[in-house]
Amino acid sequence: MKEWAEENHLIITEARGSFLKDITGKWYIDGVSSIWVTVHGHRKKEINDAIKEQVDKISHSTLLGLTHPPAAILAEKLVKLIQKSLGSRSGRGERPFAPELSRVFYSDNGSTAVEIALKMAFQYWRHKGIKGKKTFLSLNNGYHGDTIGAVSVGGIDLFHNIFSPLLFKTYKAPSPYCYRCELGKKLRSCRLFCLQAMEKIMNKHQKEIAALIIEPFVQGAGGMIVAPAGYLEQVRKLCSKYGILMIADEVATGFGRTGKMFACEHESVSPDILCIAKGITGGYLPLAATITTEDIYRAFLGEFRELKTFFHGHTYTGNQLACAAAIANIDLFKKEKTLQKMQKKIEILRKELDKTKELHHVGDIRQKGFMAGIELVKNKKTKEPYPFEERMGWKVCLKARENGVIIRPLGDVVVLMPPLSISQQELKSLVRITAEAVRVVTG
Ligand SMILES: Cc1ncc(COP(=O)(O)O)c(C=O)c1O
């Protein structure tokens with residue numbers, strides 16, 4: 001806070017497409033999609049219009065005991081979208097590890113979507129008469145939000161350690177962080193090592209573990225850590241083998257970020273519970289959903305006196321304006337062929353990032369779709385990190401800002417997460433300005 005108070009602040013007053021404008025009139029590329037939310041760009045006509053149309057009818061009515069058309073229409077769209085991406089009963093063929101997600105529970109941000117998933121998993125087992133399942137398995141370097149339940153399943157020491165006396169007990173599996181794998185070897189050994197360690201925990205504690213929670217394919221806030229191919233699919237199999245529910249936290253990866261609508265789609269995995277937020281409204285308004293299977297939904301059905309109610313609800317849950325924005329956002333994916341157009345841009349991003357590999361202090365470059373991280377190191381050979389106090393990642397971002405790019409680091413990992421709608425030329429400029437900032441600052 002001391003440093004923040006001493007800094008010069010950038011005051012954003014306007015935006016258009018992939019750009020943000022500050023109070024002095026200077027424009028910047030929004031290189032992290034305003035913290036990973038902007039999908040079709042700022043001031044997208046269709047989303048603006050949907051919100052304007054909705055605001056003239058009603059902005060908010062509670063979902064506690066009532067409902068409204070935008071929430072119902074959106075729920076149907078979400079289920080269709082998810083089933084198309086992750087599999088439906090009719091279209092899923094012989095895939096044995098593909099529960100069908102069909103029930104939507106709204107909330108208003110990623111952390112609450114996760115809290116709901118955790119409570120839902122815990123209560124599910126209670127309703128099934130299994131009392132021992134009262135803890136969770138999560139991953140080192142995992143991030144699921146800042147509320148206490150989400151922090152309990154978090155695995156980033158820097159953010160989470162101070163709160164440890166407040167947290168409930170969880171088991172932690174290794175992070176598939178191949179660049180710094182405990183074995184220090186290749187992708188395949190890293191995958192095997194992580195999976196074996198995870199299975200060991202599951203085998204020993206399956207009676208206690210209600211669910212595993214994971215960020216599919218990319219551990220975002222942990223440093224854009226991309227899991228090796230085949231890892232996620234095996235995690236799904238392990239959950240099924242040991243009777244542990246799988247919660248996929250797609251708050252960051254959902255809505256096209258990794259090049260598919262949902263990251264689980266890369267390995268044809270369907271979780272038992274899916275958390276979505278961030279990109280759901282295209283970056284306009286706070287909204288989230290926790291989506292689950294008929295089996296879990298049915299476990300909560302009962303007579304009034306049986307108290308099977310899921311006691312959880314937030315005031316702005318399923319807000320009407322946010323739902324209207326989300327409907328327009330989803331419709332735009334089809335109308336603009338967003339995912340198809342993105343594939344070429346993912347390749348451009350890869351090629352541009354490749355060029356930065358030669359820089360003296362770039363240790364690792366990780367990318368899945370439009371989620372990318374450049375890990376800066378003091379010593380490329382030994383992978384020795386910079387001292388924490390040097391704030392190297394931050395310095396690089398400040399330099400990039402001077403040249404018209406807004407990005408935000410995760411420690412010494414410089415993050416690039418542009419809007420999916422960014423043009424090829426803007427994308428090239430984003431990477432080139434960032435690379436130049438890395439070169440100038442790190443030498
Ligand atoms: C994977 C993941 N889960 C949950 C959250 C928390 O979302 P929110 O900040 O909307 O609470 C985040 C936020 O970055 C995230 O990346």
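Counting starts at 1 for both ligands and their atoms, in listed order. Worth saying up front: this structure is predicted, and the values here are computed from it rather than measured.
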Query raised in the report: Short question: side chain of His68, backbone of Ile58 - any donor-acceptor pair under 3.5 Å?
Result: no
Report summary line: ligand 1 atoms nearer than 4.0 angstrom to some heavy atom of Ala252 are 16 (O)
Report task. Decide if the gap between the ring center of Phe255 and the ring center of Phe262 is smaller than 6.0 angstrom. Result -> yes
Report summary line: Taking only non-hydrogen atoms of Trp36 and a 4.0 Å limit, the atoms of ligand 1 in range are 16 (O)
Query raised in the report: Are His40 and Phe333 an aromatic pair by the rule of ring centers under 6.0 Å?
Result: yes
Requested in this report: Looking only at protein heavy atoms, identify the closest one to atom 15 (C) of ligand 1 and say how far it is in Å.
Outcome: Tyr143 CD2, 3.7 Å
Query raised in the report: For ligand 1, which atoms have a heavy atom of Asn109 less than 4.0 angstrom away?
Result: 10 (O), 11 (O)
Query raised in the report: Counting each atom of ligand 1 from 1 as listed, which ones have a heavy atom of Val251 under 4.0 Å away?
Result: 2 (C), 3 (N), 4 (C), 5 (C), 7 (O), 12 (C), 15 (C)
Query raised in the report: Taking Ser152 for the side chain and Ile148 for the main chain, is one N or O donor matched with an acceptor at less than 3.5 Å?
Result: yes
Query raised in the report: Considering only heavy atoms of Gly110, which atoms of ligand 1 have at least one such atom less than 4.0 Å away?
Result: 6 (C), 7 (O), 8 (P), 10 (O), 11 (O)
Query raised in the report: Where's the contact between Lys278 and ligand 1, heavy-atom distance under 4.0 Å: side chain, backbone, both or neither?
Result: side chain
Query raised in the report: In terms of atom number and element, which parts of ligand 1 are under 4.0 angstrom from non-hydrogen atoms of Asp249?
Result: 1 (C), 2 (C), 3 (N), 4 (C)
Query raised in the report: Do Ser33 and Thr38 have side-chain N/O donor and acceptor atoms under 3.5 Å apart?
Result: no
Query raised in the report: Would you call the rings of Phe159 and Tyr143 parallel, tilted or perpendicular, where under 30° means parallel and over 60° means perpendicular?
Result: perpendicular
Report summary line: Counting heavy atoms under 4.0 Å, the part of Ser111 that contacts ligand 1 is both
Query raised in the report: What class does the angle between the rings of Phe300 and His127 fall in, given that below 30° is parallel, 30 to 60° is tilted and above 60° is perpendicular?
Result: perpendicular
